[in-house]
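Heads up, the thing below is written out as structure tokens.
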Amino acid sequence: MLIISTSLSIMLLSTWLVPAKRLWEVITAQSLIIAIASMVWFCTQNNSLFLNSYFTIDQISSPLLILTCWLTAPTLLASQSKLSKEPMPRQRAYIFTIIILQATTLLAFLADNMMLFFILFESTMIPTLIIITRWGAQKERMLAGTYLLFYTLFGSMALLTALLFFHETFGTLSISLIKDSMKELHPSACMLAWWAACFMAFLVKMPLYGVHLWLPKAHVEAPIAGSMILAGTLLKLGGYGILRISTIINDSFLNAAAPLIIFSMFGVLLSAALCSRQTDLKSLIAFSSVSHMGLVIAASFLKTDWSIAGSLILMISHGLVSSALFCLANTSYERTHTRTMIILQGSQIILPLSAAWWLMSALLNMALPPSPNFIGEMSILSSLFQWSNLTLIIMGISILFTTSYSLYMFWSTQREYPPLHIKFMPPIQTREHILLALHIIPALLLTIKPGLLF
């Protein structure tokens with residue numbers, strides 16, 4: 001932990017001190033060193049590591065910490081092409097904002113105190129808002145920022161109220177200390193209201209279908225770094241919060257979660273169906289995130305060993321695969337200046353290596369066996385089936401829609417005969433191959449040894 005915190009401090013200083021000619025190389029190299037150093041957190045999978053009274057690492061937080069560190073380098077690599085044409089002060093401010101956002105996310109995953117987690121959870125919104133509104137390419141980026149702000153604050157006010165009530169009742173907000181106290185509680189109208197208020201902010205952040213409208217808007221308007229961080233790590237803050245609160249609440253609250261589990265499963269089905277109607281590439285990938293996160297929500301409320309392990313695996317694999325899909329969408333956008341899929345058709349003939357990356361990402365996204373997505377979804381589906389046999393019908397239809405929109409995305413962007421305007425696209429660069437390899441290779445390695453995340 002000391003090595004990583006020191007490296008982050010050096011990165012923040014390097015952003016302003018490194019000569020302009022070597023800025024991107026130095027910062028990217030430092031972020032790769034942090035990513036490699038974070039692998040030591042795999043050693044904490046079997047026990048909890050208390051750093052101090054406010055920060056701890058355990059089986060739930062360590063995979064998400066590694067994912068956050070790992071995605072920092074690809075985020076910088078993906079932004080290099082567009083940002084290198086801007087004035088140097090703007091480049092430095094952009095890199096500084098990304099590092100601050102990733103550092104805040106790391107601290108949120110480390111927090112053991114619920115109020116500290118809330119503060120860090122909300123702090124991630126400020127740099128995200130700056131990235132979307134300052135570096136977004138479209139004129140509607142301010143509207144996307146407003147959606148993000150108000151949806152997030154709506155859920156956060158309920159969470160803050162619940163935490164204040166909780167502190168008044170138990171006298172502490174330390175997650176480690178309150179587990180025993182919560183086991184003695186039984187559902188009442190007051191406690192159920194606290195339970196619902198606690199989860200409100202996390203359900204908006206995931207997001208749950210119905211409070212998801214900010215996510216497609218933010219993804220479409222955000223620059224590539226904003227989309228990658230949103231899909232890769234920020235959505236996982238919501239899942240982490242649900243898992244954390246679920247572990248400290250006793251099983252007698254499970255019946256109260258039944259309507260939410262059913263609604264989230266219908267959300268998986270509806271958002272997967274909506275994906276098949278999209279014409280904008282980034283919007284399709286954003287709605288697929290809503291669909292995958294709906295599964296994580298349902299699994300997190302079940303509280304079985306398989307459902308918790310499955311939700312963690314699905315969050316990690318989704319963070320890698322969804323981020324890779326946004327990178328691929330960005331490589332197409334930088335060459336054609338459009339995200340409309342029908343205009344991008346036939347790219348496979350012009351960029352065959354890029355089509356290979358597209359195919360691997362699409363297959364991973366549709367949970368082809370034995371990918372980590374498949375392992376996570378099967379763990380969740382088996383838990384849901386044990387909870388209720390009827391869930392098999394909803395989930396079966398959802399899987400069909402997921403397969404159809406993944407193949408539709410690949411076919412509509414890569415196959416068919418290429419139109420005239422894309423026949424003179426520049427070839428894919430080595431930087432982009434490295435960027436995609438940093439996403440796909442870890443996902444393939446997890447296929448070989450998914451036990452790293454259990």
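The basis for the numbers below is simple: all heavy atoms, side chains too, and nothing from hydrogens, waters or symmetry mates.
- More than 12 heavy atoms of other shown residues, nucleotides or ligands fall within 6.0 angstrom of atom CZ in Phe118.
- Of the inter-residue distances, the one linking His219 atom NE2 with Trp214 atom CH2 reads 7.0 Å to the nearest 0.5 angstrom.
- Phe117 and Phe202 have tilted rings, their planes meeting at an angle from 30° to 60° on a 0 to 90° scale.
- Not a single donor-acceptor pair under 3.5 Å links the side chain of Ser61 to the backbone N or O of Ile57.
- A donor-acceptor distance shorter than 3.5 angstrom exists from the side chain of Ser382 to the backbone of Ser379, with no hydrogens or angles considered.
- You'll find the side chain of Pro372 stays beyond 4.5 Å of the side chain of Ile316, heavy atoms only.
- Minimum heavy-atom separation, Met265 to Ala298: CG-CB, 4.3 Å.
- A salt bridge links Glu432 and Arg335; the closest N-O separation between the charged side-chain nitrogens and carboxylate oxygens is under 4.0 Å.
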Q: Determine, stepwise, if the pair Glu334 / Asn330 fulfils side chain to side chain donor-acceptor pair (under 3.5 Å).
A: CA-CA 6 Å; Glu334 286 180 348; Asn330 185 62; 3.1 Å; yes

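- Sorted by first then second residue, the ring-ring contact (aromatic ring centres under 6.0 Å, His included) pairs that include residues 361-389, not counting sequence neighbours, number zero.
- Environment of CE in Met157: sparse, with no more than 12 heavy atoms of neighbouring residues, nucleotides or ligands closer than 6.0 Å.
- Atom-to-atom distance recorded for Ser264:OG and Leu295:CG is 8.0 Å, nearest 0.5 angstrom.
- One finds the OG1 atom of Thr124 at 10.5 Å from the CD atom of Gln102 (value rounded to the nearest 0.5 Å).
- Residues Thr104 and Leu120 approach most closely at CG2-O, 3.6 Å, considering heavy atoms.
- Ile242 is not listed as a side-chain neighbour of Val296, based on a closest heavy-atom distance of 4.5 Å or more.
- The closest donor-acceptor contact from the side chain of Tyr151 to the backbone of Val211 lies at 3.5 Å or more, if one exists at all.
- Taking a 6.0 Å sphere around CE of Met341, one finds it holds more than 12 heavy atoms contributed by other residues, nucleotides or ligands.
- Ser227 and Lys282 are linked by a side-chain donor-acceptor pair at a separation below 3.5 angstrom, with hydrogens and angles left out of the test.
- Checked by atom type, the side-chain pair Ser271/His212 shows no donor-acceptor distance below 3.5 Å.
- For Ser383 and Thr304, the side-chain atoms include at least one donor-acceptor pair closer than 3.5 Å.
- Using modelled atom types, no side-chain atom of Ser291 and backbone atom of Phe287 make a donor-acceptor pair closer than 3.5 Å.
- Using a distance-only test at 3.5 Å, with no hydrogens or angles considered, a donor-acceptor pair links the side chain of Lys303 to the main chain of Ser246.
- Listed here is the closest heavy atom pair of Leu106 and Cys69: CD2-SG, 3.7 Å.
- At distances below 3.5 Å, not a single donor-acceptor pair connects side-chain atoms of Asn373 with backbone N or O atoms of Gly376.
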Q | Worked check of side-chain contact (heavy atoms from CB on, under 4.5 Å) between Asn365 and Ser322 | A | CA-CA 7 Å; Asn365 191 59; Ser322 184; 5.7 Å; no

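- Atoms CZ and CG, from Phe410 and Leu363 in turn, are 8.0 Å apart once rounded to the nearest 0.5 Å.
- The pair Asp112-Arg244 fails the salt-bridge criterion, with no side-chain N (NZ, NE, NH1 or NH2) lying under 4.0 Å from an Asp/Glu carboxylate O.
- Side chain of Lys236 to backbone of Ala231: a donor-acceptor contact under 3.5 angstrom is found.
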Can you give the donor-acceptor pairs under 3.5 Å from side chains of residues 390-402 to other protein atoms, not counting sequence neighbours?
| unit_1 | atom_1 | unit_2 | atom_2 | d |
| --- | --- | --- | --- | --- |
| Thr391 | OG1 | Leu384 | O | 3.1 |
| Thr391 | OG1 | Ser388 | O | 2.7 |
| Ser398 | OG | Ile394 | O | 2.8 |
| Thr402 | OG1 | Ser398 | O | 2.9 |

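- Of all heavy-atom pairs spanning Leu101 and Thr105, the tightest one is O-OG1, 2.7 Å.
- Among pairs with a residue in residues 380-401, none fulfils salt bridge (charged side-chain N to carboxylate O under 4.0 Å, His left out), at least two apart in sequence or across chains.
- Within the 4.5 Å cutoff, the side chain of Leu77 has heavy atoms near those of the Leu438 side chain.
- In this structure, Phe266 has its ring center at least 6.0 angstrom away from the ring center of Tyr209.
- No side-chain heavy atom of His167 sits less than 4.5 Å from a side-chain heavy atom of Met114.
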(Q) Walk me through whether Leu237 and Phe109 qualify under side-chain contact (heavy atoms from CB on, under 4.5 Å). (A) CA-CA 7 Å; Leu237 272 174; Phe109 286 134; 3.7 Å; yes

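- No side-chain donor-acceptor contact under 3.5 Å links Ser323 to the backbone of Leu320.
- For the pair Leu328/Leu281, no side-chain contact is recorded, criterion being any heavy-atom separation below 4.5 Å from C-beta on.
- Of all non-hydrogen atoms in His433 and Trp357, the two that sit nearest each other are ND1-NE1, 3.0 Å.
- Counting non-hydrogen atoms of other residues, nucleotides and ligands closer than 6.0 Å to CZ of Arg431 gives a total above 12.
- In this structure, Arg141 contributes its side chain and Thr133 its backbone to a donor-acceptor pair below 3.5 Å.
- Between Leu208 and Phe263 the shortest side-chain heavy-atom distance falls below 4.5 Å.
- Residues Val220 and Arg339 are in side-chain contact: their nearest non-hydrogen atoms beyond the backbone lie under 4.5 Å apart.
- To the nearest 0.5 Å, the span separating CG on Leu163 from OG on Ser156 amounts to 10.0 Å.
- Between the side chains of Gln348 and Arg415, at least one donor-acceptor pair of N or O atoms lies under 3.5 Å.
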(Q) Go through it in stages, so that I can follow the logic: the residues are Gln278 and Ser283, the test is side chain to side chain donor-acceptor pair (under 3.5 Å), and I'd like the CA-CA distance, side-chain angles, deciding distance and then a yes or no. (A) CA-CA 7 Å; Gln278 300 302 311; Ser283 184; 2.9 Å; yes

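- Proximity of Leu110 to Leu65: side-chain heavy atoms (C-beta onward) are separated by under 4.5 Å at one or more points.
- Considering NE2 of His292 and CD1 of Ile380, their distance stands at 9.5 Å, rounded to 0.5 Å.
- Using modelled atom types, no side-chain atom of Ser354 and backbone atom of Leu351 make a donor-acceptor pair closer than 3.5 Å.
- Scanning both residues, Leu436 and Cys327, for their nearest heavy atoms gives CD2-CB, 4.0 Å.
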